[in-house]
Amino acid sequence: DEGYAVTYGRQGVSSPMVVAVEDEEAWTRGRLRFVDRPLGEVVKELNRYHNGHIALLGGDVKTLKVSGVFDVDDPVGAVEAVRASLGLRAQRLAGDRWIVLRR
């Protein structure tokens, strides 16, 4: 059924879970779509596309809510947009390979 997904792994097939169809379809067009998602989840997803590592400093930062549509080919641009919209600071090491976001 539309709006449900399962995962497959060593434990077999998971139970069906509700997913946001719009979020899943955005990925097929090279976009990541987030609506009111915790920053910790957004960073975890962006790290899949970044040639380096994005980290958060401070436990409260990971719960900040993020909404937006970002290009999977530009995770650094996505980090910058999120940083600016949430008023965070970014420390960059080795160019943009290591990025730490904090208040």
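All residue numbers in this chain count up from 1 along the given sequence.
The backbone N or O of Arg97 sits less than 3.5 Å from a side-chain atom of His50, completing a donor-acceptor pair. With hydrogens and angles disregarded, a donor-acceptor distance shorter than 3.5 Å links the side chain of Arg83 to the backbone of Leu88. Judged purely by atom type and a 3.5 angstrom limit, Asn47 uses its side chain to pair as donor or acceptor with the backbone of Ile54.
Residues Pro75 and Tyr49 come closest through the heavy atom pair CG-O, 3.5 Å. Contact detail for Asp71 and Gly30: the closest heavy-atom pair is OD1-O, 3.5 Å.
No side-chain heavy atom of Arg31 sits less than 4.5 Å from a side-chain heavy atom of Asp73. Contact of the Leu46 side chain with the Lys44 side chain is not registered, since no non-hydrogen atoms from C-beta on lie closer than 4.5 Å. Contact of the Arg103 side chain with the Val61 side chain is registered, since non-hydrogen atoms from C-beta on lie closer than 4.5 Å. For the pair Thr63/Leu39, no side-chain contact is recorded, criterion being any heavy-atom separation below 4.5 Å from C-beta on. Between Lys62 and Pro38 the shortest side-chain heavy-atom distance does not fall below 4.5 Å.
When hydrophobic clusters are built by joining Ile, Leu, Val, Met, Phe, Trp and Tyr residues whose side-chain heavy atoms come closer than 4.5 Å, directly or via intermediates, Val76 is not grouped with Val100.
Look at Arg92 and Glu80 and you find a salt bridge, because one of the NZ, NE, NH1 or NH2 atoms lies within 4.0 Å of a carboxylate O, short of that distance.
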Worksheet item: Stepwise, does the side chain to side chain contact (heavy atoms under 4.5 Å, CB included) test hold for Glu45 with Phe34?
Response: CA-CA 10 Å; Glu45 188 67 20; Phe34 304 105; 4.0 Å; yes
Fill in: Steps toward side chain to side chain contact (heavy atoms under 4.5 Å, CB included) verdict (Leu86, Val66)
CA-CA 8 Å; Leu86 296 176; Val66 174; 4.0 Å; yes
Item to complete: Kindly indicate, with the supporting measurements, whether the criterion side chain to side chain contact (heavy atoms under 4.5 Å, CB included) is fulfilled by His53 and Ile99.
Response: CA-CA 6 Å; His53 187 71; Ile99 304 171; over 6 Å; no
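Here Leu57 contributes atom CG and Arg89 contributes atom CZ; the two are 10.5 Å apart, rounded to the nearest 0.5 Å.
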